[in-house]
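Report on the following structure.
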Amino acid sequence: MALELIGKLVKVLPEQTGQGKNGTWVKQNFVIETVDQFPKQVCLTVWGEKAADLKMYAPGDSIRVMFSLESREYNDRWYTDVKAWRIEAAEGETSSAPAEYSAPAGASSGSSRSAASPPPNFIGEDDSELPF
């Protein structure tokens with residue numbers, strides 16, 4: 001599952017390293033705040049050389065993050081990872097909705113009808129008739 005999130009980089013947490021059976025690993029968590037009516041903060045993780053990509057951005061920068069969600073069970077408890085696999089600058093973004101919820105390119109945001117157009121009349125021309 002691949003998803004996209006656009007927001008402001010809030011915080012970059014300290015880099016973590018360790019030794020595994022395949023050699024040295026690098027992991028770094030960071031927090032992004034969405035640009036919505038009700039902003040949400042999401043902590044994401046980058047692994048390996050993607051941690052170097054994160055160093056190109058400073059807190060306050062507007063970024064676009066492509067990520068995947070993965071959950072796993074351990075001892076009857078579920079753990080969810082939000083793994084970023086691409087980070088790039090969100091240039092020219094004016095949308096206030098996350099990309100996975102935004103309207104297609106040709107559609108207006110919100111309702112598919114424009115605000116100036118009247119609602120369709122399904123009853124007839126006589127306004128005294130009620131639909132129920």
If I take atom NZ from residue Lys11 and atom CZ from residue Phe30, how far apart are they, to the nearest 0.5 angstrom?
14.5 Å
Going only through I, L, V, M, F, W and Y residues with side-chain contacts under 4.5 Å, is there a path from Trp85 to Trp47?
no
So do Met66 and Glu88 actually touch side chain to side chain, heavy atoms under 4.5 Å?
yes
For residues 12-26, please give each side-chain donor-acceptor pair under 3.5 Å, one per line with the distance, not counting sequence neighbours.
residue	atom	partner	partner atom	Å
Glu15	OE2	Lys55	NZ	3.3
Gln19	OE1	Thr24	N	3.2
Gln19	OE1	Thr24	OG1	2.4

Using every non-hydrogen atom in the two residues, find where Val65 and Ala84 come nearest and quote the distance to one decimal.
CG1-CB, 3.6 Å
State, to 0.1 Å, how close Ala90 and Ile6 come at their nearest heavy-atom pair, and which atoms those are.
CB-CG2, 4.0 Å
Roughly how far, to the nearest 0.5 Å, is CG of Leu5 from CD of Glu33?
10.5 Å
For Tyr74, I'd like to know if atom OH has over 12 heavy atoms of other residues, nucleotides or ligands within 6.0 Å.
no
Using a 4.5 Å cut-off on heavy atoms from C-beta on, say whether the side chain of Lys83 contacts that of Phe67.
no
Return the CG to OG distance between Leu44 and Ser68, rounded to the nearest 0.5 Å.
10.0 Å
State, with a plain yes or no, whether a side-chain heavy atom of Leu3 is found less than 4.5 Å away from one of Leu69.
yes
To the nearest 0.5 Å, what is the distance between CG (Asp53) and CD1 (Ile87)?
6.5 Å
Starting from Val82, can I reach Leu9 by hopping between I/L/V/M/F/W/Y residues whose side chains sit under 4.5 Å apart?
yes
What is the distance from atom CZ of Arg72 to atom OG1 of Thr80, rounded to the nearest 0.5 Å?
8.5 Å
